[in-house]
**Student:** 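I have a structure I would like to understand better, so I am pasting it below and will then ask my questions one at a time.
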Amino acid sequence: MLDIKLIRENPEAAQKGIALKGSNIDIGEIIGIDTSRRANLTRADEIKKERNDLSREIGRRLKANQDAAGLMERVRVIGEEIKSLDSRISAAETALHERLLMLPNLPHESVPHGRDESDNVVIAERGTKPAFDFEPKPHWEIAERLGIIDFTRGTKLTGSNFMVYAGAGARLQRALINFMLDMHTSQHGFREIYPPFLVNRETLTGTGQLPKFEDDAYRIESDDLFLIPTAEVPVTNLHRGEIIPGQELPIYYAAFTPCFRREAGSYGKENRGITRIHQFDKVEMVKIVRPEDSYAELETLRSAAEDVLRALELHYRVVEICAGDLGFSNAKQYDLEVWAPGMGRYLEVSSCSNTEDFQARRAGIRFRRTPASKPEFAHTLNGSGLALPRTMIAVLETCQQADGTVRIPGALRTIFGRDIL
RNA sequence: GGUGGGAUGGCCGAGCGGUUUAAGGCAGCGGUCUUGAAAACCGCCAGGGCGCAAGUCCCUCGCAGGUUCGAAUCCUGCUCCCACCGCCA
């Protein structure tokens with residue numbers, strides 16, 4: 001959520017910023033609502049003071065057995081005006097809040113301008129692109145031959161774009177999860193979290209999925225709960241409504257969870273195999289930091305995610321996301337895209353973002369620099385470390401051999417227990 | 001799911017329709033004293049809003065309504081917590 005004061009003081013910049021993000025919400029209307037809200041508020045405050053004063057005087061007179069009928073009548077009249085002003089104020093507050101919740105975060109000044117993903121900027125390519133002396137196969141063919149992914153039965157159990165890992169496939173997935181979590185907790189200083197996979201509306205609003213993106217989430221109607229689309233949601237909200245003592249920052253959390261996304265209207269051959277499925281696993285990193293540190297923290301967050309790809313010896317590139325393609329809550333975002341040689345394309349396996357105080361404001365995540373300081377909004381960041389299915393794709397396709405078997409990357413061999421799949 | 005009890009500032013806790021304009025204590029912060037510390041004493045110490053600012057200003061006693069001239073206090077609904085019962089991996 002953007003700060004209404006910031007919008008008030010610099011409406012042109014706010015309008016320009018949200019336009020860069022591709023939103024055309026009218027800032028002028030928001031300012032209009034805010035202006036009349038404050039006018040009513042000032043008036044209401046004045047007459048509330050009068051009511052408070054008079055009520056006190058009534059009490060005094062009644063105690064002294066003096067007449068207070070005139071004062072009571074006056075207070076009654078004031079009470080009616082207060083009631084009407086209060087209802088106008090609360091209507092304005094509701095309208096204002098609704099609109100503010102729909103406004104995207106502003107892009108950081110360093111973010112390249114651009115409309116959509118075609119304007120994103122590749123800023124680095126890392127690792128060696130694997131060479132093959134045979135035609136590399138896509139992962140669905142490799143997996144089918146090895147019997148490690150069962151698409152047909154996934155569809156039978158649930159529906160299209162659900163799948164089943166079986167045997168060594170399930171084991172490889174588990175090895176990857178452990179490998180990633182172990183790396184982040186033991187080498188990068190993250191504290192492991194195991195959150196609920198179902199969350200309520202407030203939680204989803206705190207990180208920015210609601211109200212705008214309700215249709216993207218699976219909802220449990222009987223209890224009005226939602227399946228999490230990413231661990232970022234429950235983990236960032238861990239400190240919702242809290243004031244964190246400054247010495248506890250920065251906070252680093254890492255969590256493994258399944259993620260559930262309806263992905264309405266995104267089927268097609270681009271998404272064959274397990275590139276886009278409704279339920280997938282992910283290890284996620286979340287940071288809560290001091291505002292002045294958040295951009296440096298974004299770099300180390302990205303580097304922590306890159307460490308996983310490096311350790312798995314996969315070729316990938318780093319993409320800086322342009323303003324128009326930035327996520328709703330993000331001020332700056334890097335994506336890591338891993339090379340899938342069988343598919344012949346790069347796949348997004350991680351998205352590392354600084355939301356600055358956008359989520360902190362929605363969720364009320366504050367901190368105190370010293371025990372005597374006023375609370376300030378913290379900055380929150382999140383990054384995948386990494387998304388499992390696409391990591392699995394990259395491993396299968398990169399490490400495939402001419403005979404159809406798959407060589408397990410060195411870093412995984414101990415945890416997986418075998419060299420060859 | 002059922003029955004009962006509860007929800008006041010970081011924590012404990014008073015309050016039971018009008019000098020509560022939320023007492024008091026603990027913790028915390030600053031200071032006096034001290035070689036240093038402890039003790040003692042003094043001061044500060046919830047969050048938010050409005051405002052350039054000052055502010056004997058406004059709001060918030062779980063949340064939302066209501067009664068009243070006036071609500072932390074009375075009424076209604078809801079949420080959450082605790083205990084017991086039921087069910088259950």
Side-chain angles (χ1 to χ4, degrees), chain A residues 1-10 30-101 194-206 210 220-226 234 237-249 251 258 288 357 360-378:
Chain A
M1 191 156 64
L2 300 182
D3 184 1
I4 182 66
K5 282 182 193 155
L6 190 121
I7 295 174
R8 205 145 72 199
E9 281 158 22
N10 214 335
I30 290 176
I31 290 177
I33 295 169
D34 179 53
T35 304
S36 76
R37 177 192 132 254
R38 282 184 298 142
N40 285 329
L41 193 60
T42 305
R43 170 70 185 150
D45 280 2
E46 279 168 11
I47 62 178
K48 278 177 182 175
K49 168 166 173 47
E50 194 179 346
R51 178 178 68 180
N52 290 343
D53 290 345
L54 291 174
S55 291
R56 217 166 289 136
E57 178 61 20
I58 290 170
R60 229 171 270 136
R61 291 204 188 175
L62 289 181
K63 215 156 228 169
N65 277 320
Q66 293 173 329
D67 174 60
L71 292 181
M72 284 184 184
E73 174 58 13
R74 173 73 188 136
V75 171
R76 196 189 58 73
V77 172
I78 292 174
E80 279 168 15
E81 194 187 348
I82 288 174
K83 206 167 192 175
S84 113
L85 281 170
D86 274 351
S87 77
R88 266 185 285 169
I89 291 164
S90 89
E93 276 169 355
T94 304
L96 192 61
H97 195 64
E98 272 172 10
R99 281 161 181 76
L100 287 176
L101 285 178
Y194 180 85
F197 304 158
L198 282 171
V199 294
N200 59 30
R201 278 181 185 277
E202 294 70 50
T203 298
L204 233 18
T205 305
L210 289 186
I220 310 294
E221 195 175 357
S222 55
D223 296 283
D224 201 31
L225 296 174
F226 297 82
N237 275 279
L238 244 22
H239 295 283
R240 171 152 56 83
E242 295 182 7
I243 300 173
I244 303 165
Q247 75 268 14
E248 288 177 24
L249 298 183
I251 292 172
I288 302 175
D357 65 2
R361 229 171 246 292
R362 290 179 160 245
I365 303 169
R366 293 177 292 171
F367 75 103
R368 239 188 263 278
R369 286 181 189 273
T370 74
S373 309
K374 282 280 162 202
E376 294 171 52
F377 287 109

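Hydrogens, waters and symmetry mates are skipped; everything else that's a heavy atom, side chains included, is used. Protein chains get the first letters and strands the later ones, always in sequence-line order, with residue 1 at the start of each.
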**Student:** Write down the distance separating the P atoms in B:G18 and B:G70, rounded off to the nearest Å.
**Tutor:** 15 Å
**Student:** Considering residues at least two apart in sequence or located in another chain, which fulfil the salt bridge (Lys or Arg N to Asp or Glu O under 4.0 Å) criterion with A:R60?
**Tutor:** A:E57
**Student:** Expressed as a whole number of Å, how far does the P atom of B:U76 sit from that of B:G5?
**Tutor:** 14 Å
**Student:** Hey, what do you get for CG (A:L100) to CZ (A:R362), rounding to the nearest 0.5 Å?
**Tutor:** 9.0 Å
**Student:** Need one value for A:R61: base, sugar-phosphate or nothing, where a base atom within 4.0 Å counts as base even if backbone is also close, heavy atoms only.
**Tutor:** nothing
**Student:** Any residue in residues 39-48 of chain A with a heavy atom nearer than 4.0 angstrom to RNA chain B? Just list them by number, or reply none.
**Tutor:** A:L41, A:T42, A:D45, A:K48
**Student:** Can you work out whether A:L71 or A:I243 has the more 5'-proximal nearest nucleotide on RNA chain B?
**Tutor:** A:I243
**Student:** For A:S84 and A:S87, which I'm curious about, is there any donor-acceptor pair between the side chains at under 3.5 Å?
**Tutor:** no
**Student:** If the P atom of B:U8 is compared with that of B:U19, how far apart are they to the nearest Å?
**Tutor:** 22 Å
**Student:** With sequence neighbours excluded, tell me which residues meet side-chain hydrogen bond (donor to acceptor under 3.5 Å, both in side chains) with A:E81.
**Tutor:** A:R43
**Student:** Considering only atom P, compute the distance from B:G6 to B:U60 and round it to an integer number of Å.
**Tutor:** 24 Å
**Student:** Name the nucleic acid region contacted by A:L62, choosing base, sugar-phosphate or nothing; use a 4.0 angstrom heavy-atom cut-off, strictly under.
**Tutor:** base
**Student:** Taking side-chain contact (heavy atoms from CB on, under 4.5 Å) as the definition, give me every residue that meets it alongside A:T35, ordered by chain and number, with sequence neighbours left out.
**Tutor:** A:I31, A:R38
**Student:** Name all residues meeting the side-chain hydrogen bond (donor to acceptor under 3.5 Å, both in side chains) criterion together with A:K49; count only those two or more places apart in sequence or in a different chain, and write none if there are none.
**Tutor:** A:D53
**Student:** Please give the distance between the C1' atoms of B:A54 and B:U35 as a whole number of Å.
**Tutor:** 45 Å
**Student:** For A:R51, give me all partners under side-chain hydrogen bond (donor to acceptor under 3.5 Å, both in side chains), at least two apart in sequence or on another chain.
**Tutor:** none
**Student:** Taking heavy atoms of chain A and a 4.0 Å limit, find me the 5'-most and 3'-most nucleotide of RNA chain B within that range.
**Tutor:** B:G18 to B:G70
**Student:** Holding to side-chain contact (heavy atoms from CB on, under 4.5 Å), I want the full list of residues that pass it with A:R240, two or more places apart in sequence or in another chain.
**Tutor:** A:N200, A:E202, A:T203, A:N237, A:A363
**Student:** Quick one: list whatever passes side-chain hydrogen bond (donor to acceptor under 3.5 Å, both in side chains) with A:D86, sequence neighbours left out.
**Tutor:** A:K48
**Student:** For A:L2, is there any backbone N or O sitting under 3.5 Å from a side-chain donor or acceptor partner on A:R361?
**Tutor:** no
**Student:** Determine the interatomic distance between C1' on B:A46 and the same-named atom on B:C11; round to the nearest Å.
**Tutor:** 13 Å
**Student:** Return all side-chain donor-acceptor pairs below 3.5 angstrom for residues 62-72 of chain A, not counting sequence neighbours, or 'none' if the list is empty.
**Tutor:**
unit_1	atom_1	unit_2	atom_2	d
A:D67	OD1	A:A69	N	3.4

**Student:** Taking only residues two or more places apart in sequence, or in another chain, which ones meet A:K5 in a side-chain contact (heavy atoms from CB on, under 4.5 Å)?
**Tutor:** A:D3, A:R8, A:E9
**Student:** Which comes earlier along RNA chain B counting from the 5' end, the contact point of A:R37 or that of A:E50, where each point is its nearest nucleotide?
**Tutor:** A:R37
**Student:** Please measure how far the C1' atom in B:G48 lies from the corresponding atom in B:G43, and state the result in whole Å.
**Tutor:** 25 Å
**Student:** If I pick the C1' atom on B:G9 and the same atom on B:A14, what distance separates them, to the nearest angstrom?
**Tutor:** 14 Å
**Student:** Have a look at A:R369 and say if it touches a base, only the backbone sugar-phosphate, or nothing, with a 4.0 Å heavy-atom cut-off.
**Tutor:** nothing
**Student:** What would the secondary structure line of RNA chain B be in dot-bracket form, counting Watson-Crick and G-U wobble pairs under 3.5 Å, with [ ] for pairs that cross earlier ones and | for pairs with another strand?
**Tutor:** ((((((((.[[[..)..(.....]]].(((((.......))))).(((((....).)))).[[[[[..)....]]]]])))))))....
